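A short write-up of the structure that comes next.
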Amino acid sequence: KRKLPENSNNVNNDFCDFLMELAEYEKNVSRNIYKFNAYRKAASTLASHPVRIKSGQEAKKLNGIGDKIASKLDEFIETGQLEKVKKIREDNTNSIINTLTRVSGIGPAKAKELIADGIETIEDLRKHTEKLNHHQIIGLKYLEDFETKIPREEIEQIEVVMRSKISELDSQFEIIICGSYRRGKQESGDIDVLISHPSYTSHDTKSDNKLLENVVNVLKSCQLIVETISLGSVKFMGACRIAKRSRRLDIRLTPYDQYFCAVLYFTGSDLFNKEMRAHALNNGFTLNEYTLRKIGSTGVPGEPLLVTCEEDIFDYIDYPYKKPEERNI
Ligand code: DCP
Ligand code: MG
Ligand code: MN
């Protein structure tokens, strides 16, 4: 489902394709997230490399390409294909898993369960919705819509409506659309909204705040939100619609004092987050979606550092600032 950074003149396209196919296999079948990320990272590196790779040896000089991927590149250069990819394609179970996991809410584990029950196609799923939970039923209902990328212009329109309705409810809400949209992409897989409010901070221990619920209700009343997959006190998953198609919408409520760590995290990309966190660790900091903390001499993280903007986070860990559009790795 994942896409590479768009690069129409990618001279290493065919390498990227087989690496992404192997990545999907590791995620969906082997359930090896480590290998999934390694293949994606290698593909991303090759996609932005301006010259065509001529050997594994040459590729090994690049970021994220080691011995194993280098020898796969050699095999592909020499034979025009990869034995491993061929085997994966020939195994029917893999293609059924790939079909069933198209449905939002069906992961590899659920797919294997369904296969054991004799379910192999989308049609089978439609006949056996009793085997699905609420999320999966919504995923099946909107299968086509959710698989269709959202044009930037449509998210811009949704943003306008959302801002006006939420500000009408309470003008003190902070609202930002993160994810691939904030990274400047022309198309997104879903819409990732982050909201925050000065009355809600990490020091609040009560988890019964109605902020998110109120926001969701307002967006439902104006018929922007058309479906709820799940709603907790800080996380909403559902669907919204302004044009022909319904779109996957995620909304998170973040404590006011953790806003910028959340913005950074939710902007991604996920590979960028991984790199930045690794860099933070190397410099003696621990970074997550909530806080940035300095790791003390005893190895224990200290109190959360004061963060007043995204740049602060880059500064603390001595990482050159990257604009959202530069985080598309
Ligand atoms: N995220 C992360 N690690 C994950 C999942 C998500 O760091 N395993 C963060 C970075 C992502 C952001 O959350 O950019 C939003 O997640 P999405 O899955 O919505 O990814 P994108 O918005 O980046 O891409 P898409 O256009 O496919 O939605
Ligand atoms: Mg997204
Ligand atoms: Mn999302």
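Model, not experiment: these values are computed from the prediction. When a ligand or atom number is given, it counts from 1 through the structure's own listing order. Position 1 is the first residue of the sequence; numbering continues from there.
Under the 4.0 angstrom criterion for non-hydrogen atoms, Arg183 is in contact with ligand 1. Residue Thr267 places a heavy atom under 4.0 Å from ligand 1.
Salt-bridge formation is detected for the pair Arg247/Glu154: a Lys NZ or Arg NE/NH1/NH2 atom is positioned less than 4.0 Å from an Asp or Glu carboxylate oxygen. The residues Lys60 and Asp67 are annotated as salt-bridged, a charged nitrogen and a carboxylate oxygen being separated by less than 4.0 angstrom. In this structure, Arg252 pairs ionically with Glu289, as a charged nitrogen and a carboxylate oxygen lie closer than 4.0 Å. Checked for salt-bridge contact, Glu310 and Arg182 meet the test: a charged N lies under 4.0 Å from a carboxylate O.
With ligand atoms numbered from 1 in the order given, ligand 1 contributes 26 (O) to contacts under 4.0 Å with heavy atoms of Ser188. For ligand 1, the atoms sitting less than 4.0 Å from at least one non-hydrogen atom of Gly179 are 22 (O), numbered in the order shown with element in parentheses. Of all atoms in ligand 1, numbered sequentially from 1 with element shown, those under 4.0 Å from a heavy atom of Phe266 are 12 (C), 13 (O), 14 (O), 15 (C).
Listed here is the closest heavy atom pair of Leu125 and Ile119: CD2-CG2, 3.9 Å.
Asp190 has its closest N, O or S atom to the Mg ion (ligand 2) at the position named OD1. Residue Asp250 approaches the Mn ion (ligand 3) most closely through its N/O/S atom OD2.
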Steps toward side-chain hydrogen bond (donor to acceptor under 3.5 Å, both in side chains) verdict (Asn63, Thr45): CA-CA 7 Å; Asn63 228 336; Thr45 294; 5.8 Å; no
Residues Arg52, Asp14; criterion side-chain contact (heavy atoms from CB on, under 4.5 Å); working and verdict: CA-CA 10 Å; Arg52 170 118 186 128; Asp14 46 352; 2.8 Å; yes
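Because the distance cut-off is set at 2.8 Å, Asp192 qualifies as a neighbour of the Mg ion (ligand 2) through one of its N, O or S atoms.
By the 3.5 Å distance cut-off applied to N or O atoms, Glu187 is not counted among the residues near ligand 1.
Of the heavy atoms in Tyr265, both backbone and side-chain atoms come closer than 4.0 Å to ligand 1. For Asp190, heavy-atom contacts with ligand 1 shorter than 4.0 Å involve the backbone as well as the side chain. Both the backbone and the side chain of Asp270 come within contact range of ligand 1, each with a heavy atom under 4.0 Å.
Classification of the Phe314-Phe272 ring pair by plane angle, with boundaries at 30° and 60°, yields tilted.
Relative to atom 11 (C) of ligand 1, the option among Gly189, Ser180, Gly268 with the closest non-hydrogen atom is Gly268.
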